[in-house]
Amino acid sequence: MDVFGSFALLLAFGCAVYAFVGGIAAIITRHPLLVKSTRQAGMATCGLIFLGTFCLEYLFFTDNFSIAYVVSHSNRDLSTFYKVAALWSGMEGSLLFWSFLLAVYVLSVLITYRNKNGELMPYVGVVMAGVQIFFLTLNNFVESPFKALAASGATDYFTRADGNGLNPLLQYPEMVIHPPNLYSGYTGFTIPFAFALGALLARYPGEKWIHLTRKWTMIAWMFQSLGILLGAHWAYAVLGWGGYWGWDPVENASLLPWLTGTAFLHSVMMQEKRGMMKVWNVWLVFCTFLLCILGTFLTRSGVVSSVHAFAQSNTSSWFVGFIVITLLVCFGAYLKNRDYLKSENQLDSVISRESSFLFNNLLFLVACIAVLSGTLFPVFSEWFTGDRISVGAPFFNKVNIPIGLLILFLTGVGPLLAWRKTSTESLARNFGRPLLIGLVAGGVAFAFGFRAFYSLMSLILCVFVAATILLEFYRGAKVIRARAGASLPACAIDLTMRNTRRYGGYIIHMGMVFVFIGLAGAAFNRDVQKAMQVGQTMEIGPYTLMLQEVETKPERNYTAQRMLVEVLRDNKPMMMLFPEKRNFITNKENGTMVAIYSTLKEDLYVVFAGIDPETQMPVIHAFLNPLVKWIWFGGVVVVFGTLVALLPNRRSVLVLAGAPQPVQPLPQAVTSSVALREGHD
Amino acid sequence: MTKARPLIAATILVGFATLPLLLVPAGALQLSDRTRQMGMKIKCMCGSCDMTAAGCSHPGGAFSGPCGTAMAMLKEVDQHIAKGEPDDQILQAFVQQYGTRVYAEPPKSGFSLVAWVMPSVYLVLGTLVVIFVISRWVKRPTPESGSGSAAARTISPELLARAKAEAARETEE
């Protein structure tokens, strides 16, 4: 099966090269058969990558310990669930997984547009094939996952009785879903990149490439968001440090394309509505894709030290080469066809939705550059001074919290501004009430002792943004209710379904408000660590923790030392918590299973830290983390909002069903639509 | 009833606003002791966890707590504090011992100042660029167009064409 998989990947490489070279020939000759054959070669590439990936999974499931990658990342007692995750737990497999997910996207694009956009698709196909060639080169010639096990320097191959097992930190349910989500985000941004570059090379007229890629961009963005949040939750639940975001270089790497991708999702509206920022949008897509590649490179190169850098190798030069080539191609295409990106740049007023989008983009970009430069600062400082100066979480918090709050402020202000021009009267009318509510909330908070500056500001802005969003829903639903007479919630749903993009966007904003509420709670975290004997208690906040027992429990793949901790509140028993310390049998490594009692108010987070080396007593490390649950809830709302925004508008469906011909009185309808949207959308 | 509606809405929103406050215990902010504060300024130098000395949980280690290295560093901080040394002096003692890698955040002096200054520079420069771009984009008002809201509502042929295309696209979907 390893030979079969290896051959499938080699064949996939050949097909990708044909799709790339043949695609260029097809663009030049415009021969329909060549266009068709290169498209089919693209599809075959994807099919062969699927085959190669399934072969590697098969080797994991059948415990084939003649393959070096399987030996390094699995063992016989590893559950089937984690054998799936073992695929992306090391360098070689994770790169193959990149190719696999990219193939899913590429195949979807090739099938979706097989009979559409004939002028553009050959260019898109060539770009996608180019990216696939790079990853298939790594899969075949640099980091093959199908290498047979051999003694160092020897040519004799052998089979091991058992493998080394999977890294304990990865043996957690979220690790089975976090990387696929994050990688789906990384790989997904290849599609808007391919369309942007393809459209630029083809000088494809209008903004059609943006309309074609909107859904792909949103899907990639949703997966990236979900991946980041799941990663944060994994760090929270497994690493046992009481936090969820440590500004680790690998975490930062996942945030960078998310920031530029978010900026793009906003600025793209400027191009759609007003034909503005065409150059900016193209470069935002290019940068987002390049940051995805940079993120993949940082995770694997060892350039920056990271607790997450699970797979390091000598692929650095390949990634740097690919980034440089891509950058050169992007620059070349831009310089050659920049006149095609001429914008219709005109504003009626400084106070307009367009201006707010510009500032929104500025802040996202500044946040991105600040995170990137902070992440790479240790490298720069070593180059310039010879000393490697560390940049840790305190720096990133100080720099990014103010930027985050400004973005939150714009999240509230943006929807209040109309396209083209906003009068001061309407601004005061729309701005006044939410701002007042926010300030009242801030005053109440201050009176309650909420004195941490950033948390207080975050709270005021969260309330302000929530108020603007709810008022938008309320106003729209009220108009529908006046006509239809249904209940307000039903009208709000109807309103959302009539313009899913706009109201889905508002739901996403609301999700971000929840996330910010959760982040604001971090200022009030506290923790206590104590070595305890059975029967002893410790206090944290309103809770009393009593150690009832420490038991040793042998499991299939590890031995667990489990604490039985009784939680009391006001001297009344509330529940039992079972934090664990796990020792994995094959690789002798340790893992932590944190016990969390989570409410909207706070998380009681209990870690069995281990046995105190000095006193030989078990140690409990308990944290009281306020509002953390709001972050995960906010994440769910963000995903829900994205799914809503991806739905077609209800009205459009009705038009399709009821009217086979295009609507006749279009100018009037359009005029009224434009008038209506002046203050919204 | 109509007049009461905004009041009800405002009450709900203020309720939403104060919900997190009611959930967070008043006066929950507890300033940590000085050792802990200093421990957050220096990194654990065990070489594998990349966390601060006070925040070290040493993932994967036998003890999830400050690891041996972090514990020793925190004890050393305690000793410096006992001698009555100021924070800067304590930090310098660790820099002499471990080098600049021990900083949890770059010092605000020398080359490290670049790290602190650059985000503000990006923001200021970016803001200037945005203001410049907006000022170039803003249409100069002509006498016939006026400056009232009626002018703003006028639909240009380009905007009409764009809106037509959008309507057609939405119908396509």
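Every chain is numbered from 1 and lettered A, B, ... according to where its sequence line falls, protein lines coming before strand lines. The shown structure was predicted, so the numbers you read here are calculated from the model rather than taken from an experiment.
- For a residue to count as touching a neighbouring chain, one of its non-hydrogen atoms must lie under 4.5 Å from one of that chain's; by this rule A:Thr385 touches chain B with the side chain only.
- For A:Ile389, the parts lying under 4.5 angstrom from a heavy atom of chain B are both the backbone and the side chain.
- Taking A:Ala367, A:Gly392, A:Gly374 one by one and counting their heavy-atom pairs under 4.5 Å with chain B, the maximum is reached by A:Gly392.
- When every heavy atom of A:Glu382 is checked against every heavy atom of B:Arg101, the shortest pair comes out as OE2-NH2, 4.1 Å.
- Residue contact with chain B, scored on non-hydrogen atoms closer than 4.5 Å, involves the backbone of A:Ile611 exclusively.
- Using a 4.5 Å cut-off between heavy atoms, A:Ser381 contacts chain B through both its backbone and its side chain.
- The nearest pair of heavy atoms linking A:Pro394 to B:Met40 is CG-O, 4.1 Å.
- Counting only heavy atoms from C-beta outward, the side chains of A:Phe359 and B:Ile134 approach each other to under 4.5 Å.
- For A:Val391, the parts sitting under 4.5 Å from any heavy atom of chain B are the backbone and the side chain alike.
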Sequence neighbours excluded and cut-off under 3.5 Å, please list the side-chain donor-acceptor pairs for residues 112-133 of chain B, or say none.
from	atom 1	to	atom 2	distance (Å)
B:Trp116	NE1	B:Pro106	O	2.7
B:Thr127	OG1	B:Leu123	O	2.5

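- With a 4.5 Å cut-off on side-chain heavy atoms, A:Asp527 and B:Arg36 count as touching.
- Atom CZ of A:Phe395 is separated from atom NZ of B:Lys108 by 10.0 Å, given to the nearest 0.5 angstrom.
- At distances below 3.5 Å, not a single donor-acceptor pair connects side-chain atoms of A:Ser390 with backbone N or O atoms of B:Ala104.
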